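Below is one structure, written out as structure tokens; the observations come after it.
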Amino acid sequence: MSEIGVVAPYWLDRPDTEVVGIALEAERNGFGSMWLGEMATYDAFSLATAVGLRTERIGLRIGPLPISVRTPVSVALGVSSVVDLSRPVAGIGLGGSSPFIVSGWHDRPWRHAAGRMREAVGVLRSILDGGRADFAGEHIRSKGFRLRRPLSGLPITVAAFGPAMTRVAAEVADEVVLNLVSPEHVASVRRTVDAHAAAVGRTPPRLAVWIPVVLDPGPATLRQAAAQTAVYLSPPGYGEMFSALGYSSLVERARAGEPRKTLADAIPASLIAAVGAVGSRADVLSRIAEFHAAGADHVGIVPPTAEDPCGGRLLAELGRR
């Protein structure tokens, strides 16, 4: 079944607490799930607990969290804390993140992401299912920890961009999530994941995609979306994808160190539309359908709030689809 969920946007020009209001609007308008990641605002598990205490029904999906920063034990503890202190969660996501965050923010080495992911998913799944950690791999070692309250069967999502991470996700994840990609990229990943899963004899994981959804945008909304998109011009994988879409000059400028603000001023609406949905309600729904037709089981919409506080109008319009 094709699904539409909501993704916490973490806009840099809005109050951090707005994400709780977005969750309330999403639940009020009938959305089944909301993704709560981690940027430069809140710890993801603290935020999920806060949202869980304010909402009643919407499924809480936490992550993706960087595997070079969060150990399987810390992820298991975090999820367990959310469940005990608020209410059940619908899933946990893991990702490789970027050198800027892993090495720059956290002083951790950013390497061997695919191999580390394979081990991280295996260890985390064992811990969530109630096992006592006893693993010594090439990248991860963990011994002796056991959750007091197992969370058996909790779905694990893997954020995949490059070919190596995509192969790992096809082999070990319950779901693969992509961010800021075109329908054509979704279709390519769907084919790769299905083929590789079949080759190793497992059912292909679900495929999710996050896209910015800009309904009847004014100048402030386009500026907000451009500012956030500028963050993704230089990281590995994203830059290559934007180059393939015809925006290599912007990628080169970003990787040369040009400030995010000047990059944002140069991002055209066409770039946002290439990896999202922009226009009227009919345009937006048609574009979301393109992502589903390309192979996405789930489309997570990122609501701009510059001219639409808490995304209330957007979520009401799409909630009655």
Side-chain angles (χ1 to χ4, degrees), residues 7-8 10 35-48 61-82 89 91-128 131 133-145 147 151 154-181 189 205 208 210 228 231-241 254-255:
V7 181
Y10 307 109
W35 299 76
L36 300 163
E38 191 170 85
M39 287 296 290
T41 54
Y42 300 114
D43 167 85
F45 297 116
S46 300
L47 177 61
R61 309 185 71 182
I62 305 171
L65 302 174
I67 54 172
S68 294
V69 177
R70 298 269 195 178
T71 68
V73 169
S74 69
V75 172
L77 278 170
V79 176
S80 178
S81 299
V82 176
V89 302
I92 183 72
L94 304 176
S97 192
S98 69
F100 180 79
I101 291 176
V102 173
S103 298
W105 289 8
H106 295 282
D107 191 28
R108 296 289 186 271
W110 191 81
R111 59 178 183 265
H112 309 303
R116 180 178 290 273
M117 179 64 76
R118 184 186 302 279
E119 295 182 3
V121 172
V123 176
L124 177 59
R125 199 184 300 281
S126 175
I127 292 173
L128 292 175
D134 186 11
F135 183 82
E138 184 178 353
H139 310 289
I140 292 175
R141 291 173 176 79
S142 183
K143 186 176 181 65
F145 177 80
L147 272 181
L151 299 169
L154 186 69
I156 298 176
T157 296
V158 169
F161 221 117
M165 189 69 83
T166 301
R167 287 193 297 271
V168 169
E171 292 182 17
V172 303
D174 299 302
E175 181 179 61
V176 180
V177 65
L178 308 171
N179 180 39
L180 285 178
V181 296
V189 171
W210 295 358
Q228 195 79 338
V231 174
Y232 292 92
L233 288 172
S234 64
Y238 286 103
E240 285 69 24
M241 185 208 58
R255 290 180 171 174

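Both backbone and side-chain heavy atoms feed into the values below; hydrogens, waters and symmetry mates do not. Computed from a prediction, not measured in an experiment: that's the story for all the values here.
Between the CG atom in Leu151 and the CG atom in Leu124 there is a gap of 9.5 Å [rounded to 0.5 Å]. Once rounded to the nearest 0.5 Å, the distance linking CD of Glu119 with CZ of Arg141 reads 8.5 Å. Rounding to the nearest 0.5 Å places CE of Met165 at 9.5 Å from CG of Leu94. Atom CG of Leu77 is separated from atom CZ of Phe45 by 9.0 Å, given to the nearest 0.5 angstrom. Rounded to the nearest 0.5 angstrom, Ser80 OG and Leu154 CG are separated by 10.5 Å. Taking CG of Leu128 as the reference point, atom CD1 of Ile156 lies at 5.5 Å (rounded to 0.5 Å).
Closest of all the heavy-atom pairs between Ala208 and Glu175 is CB-OE2, 3.8 Å. Annotation for Gly95 and Ala159: closest pair CA-CB, 4.1 Å, computed over non-hydrogen atoms. In terms of heavy atoms, Pro72 sits closest to Val123 at CB-CG1, 3.7 Å. Residues Ala160 and Ala169 approach most closely at CB-CB, 4.3 Å, considering heavy atoms. Considering every non-hydrogen atom in both Ile62 and Ala48, the closest pair reads CD1-CB, 3.7 Å.
Checking side-chain atoms of Ser126 against main-chain N and O of Gly122 turns up no donor-acceptor pair under 3.5 Å. Although no hydrogens or angles enter the test, the distance criterion places no donor-acceptor pair under 3.5 Å between the side chain of Arg118 and the main chain of Ala113. Between the side chain of Arg125 and the backbone N or O of Val172, at least one donor-acceptor pair lies under 3.5 Å.
Judged as a side chain to side chain donor-acceptor pair (under 3.5 Å), and not counting sequence neighbours, the contacts of Thr71 are Ser74. For Arg116, the side-chain contact (heavy atoms from CB on, under 4.5 Å) partners are Ile67, Ser68, His139, Ile140, not counting sequence neighbours. Shown here are the side-chain contact (heavy atoms from CB on, under 4.5 Å) partners of Ala8, two or more places apart in sequence or in another chain: Tyr10, Val19, Met34, Leu36.
Residues Val176 and Thr166 form no side-chain contact, since every pair of their non-hydrogen atoms from C-beta on lies 4.5 Å or further apart. For the pair Leu233 and Tyr238, the minimum side-chain heavy-atom distance is 4.5 Å or more. Between Val168 and Val158 there is no side-chain heavy-atom pair separated by less than 4.5 Å.
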I would like to know whether Val189 and Val181 meet side-chain contact (heavy atoms from CB on, under 4.5 Å); could you show each step before the answer? CA-CA 10 Å; Val189 171; Val181 296; over 6 Å; no
